[in-house]
Amino acid sequence: MDAISRLKMLSAQTSFEPDGDSPLGPDRSRVPACIERRANDLYLSPAVMSGGGKILLLKSQLSSVCERDCHYCAFRAGRDFRRATFKPEEFAGVFMELYRRKAVDGLFVSSGIAGGGVRTQDKLLDTADILRRKLGYRGYLHLKIMPGAEKEQVYRAMQLADRVSVNLEAPNTARLAQLAPRKQFLEELIRPLRWVEEIRRSIPPIRAWKEHWPSSTTQFVAGGADESDVELLQTTQYLYGELRLKRTYFMAFSPVPDTPLENHEPTSGQRELRLYQASFLLRDYGFDLEEMPFEQDGNLPLAADPKLAWARANLAHSPIEINTADKRTLLRVPGIGLKGAEEILKIRRQHKLHDLGALRKIGIAADRAAPFVLLDGHQPAYQLGMM
Ligand code: SF4
């Protein structure tokens, strides 16, 4: 098979991997819609970066051959499908050709494991090294860290990439055993993420690519191990708080034919969305895990977003005065985001806010906020349906 045909196959098989800073949304059917086919019929995924810019990413494996047998995975050893493999220099050359032709803006590269995690990591590092040092590639590069990679390899990855990630897949050792019995949660997956943070904290970024250490992310297969949202968000809180991950991605479990979990119930896109919303409350809005509106079974309610559910329980009878509340308190109000809270503080320095129209003007979802706020001592009129 020629190189472009292999790349087409591998990019199609990898297109589900998340990247960038905007969630995919609740409807899984939107995923194919956000994937574009461009040059040579390759699958390319638009990704929104931290600064708000959108780039077209080629997401690919170096190889879809894998010696492991994770229960949910389409690439697991022994599963019958057409596989493809690239050598590092060959992959780097094909990608660079596409990049020079402006067919792609950035690269996400991972791999199935062949010959152990260390050997596979070396191949990914060689690919990145050829791109950066030999071919002069300066664009976005997201490098996957393989289970079992060594600290020196993690450090090298961080010197070459804009982002590194380790897929945890499950929130703890017991749940991972249900999904991927041959992966070791603490030793193979959490440890490399700890090293990333250790390196960021202890080594000056002058050693990093563009003198800036890469961000780190992870991904969970939500629902595949029958874990609860509490478990997923407990680990998420640790990852954001202690290891400063930029993002935890949640991929709703979807059964793959001819795998041990092929008859397992799929996870709804709505659950995935609620997990994203809750994770942002932990990361950006000052919420603690204990404040999440979990139900008896440890899951978030699907019917309302977690911030709204929290506000109904806590603010409905004690609304927040928009003209005096501090930023942390403003962020508790549904409809007020990070930008909106900043805008309120800015305007308040000049004059009071008297009505919902003033909130709308600065981009706040005023009808959503209305049941939970006071404006200059008065509760604004709102339609009941909004609450
Ligand atoms: S190691 Fe990765 S590619 Fe291999 S079976 Fe597990 S999840 Fe799939």
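Both counts, for ligands and for their atoms, begin at 1 and track the order of listing. Atom set for the values below is all heavy atoms of this structure, side chains included, hydrogens, waters and symmetry mates excluded. Please read these numbers as outputs of a predicted model, since none were measured by experiment.
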Hey, which protein N/O/S atoms does atom 6 (Fe) of ligand 1 have under 2.8 Å? Cys70 SG

Among all the protein's non-hydrogen atoms, which is closest to atom 7 (S) of ligand 1, and how far away is it? Tyr72 OH, 3.3 Å

Is it true that the side chains of Arg274 and Gln277 contain a donor and an acceptor less than 3.5 Å apart? yes

Before we go on, tell me: are the rings of Tyr285 and Phe280 under 6.0 Å apart, centre to centre? no

Just verifying a value: how many Å separate Lys134 NZ and Met96 CE, rounded to the nearest 0.5 Å? 12.5 Å

Report yes if the side chains of Phe75 and Gln61 come closer than 4.5 Å at any heavy-atom pair, otherwise no. yes

Below 6.0 angstrom between ring centroids: does that apply to Tyr72 and Phe253? no

Whether Arg312 engages the ring of Phe372 as a cation-pi pair (distance to the six-membered ring centre under 6.0 angstrom, angle to the ring normal within 45°) should be assessed. no

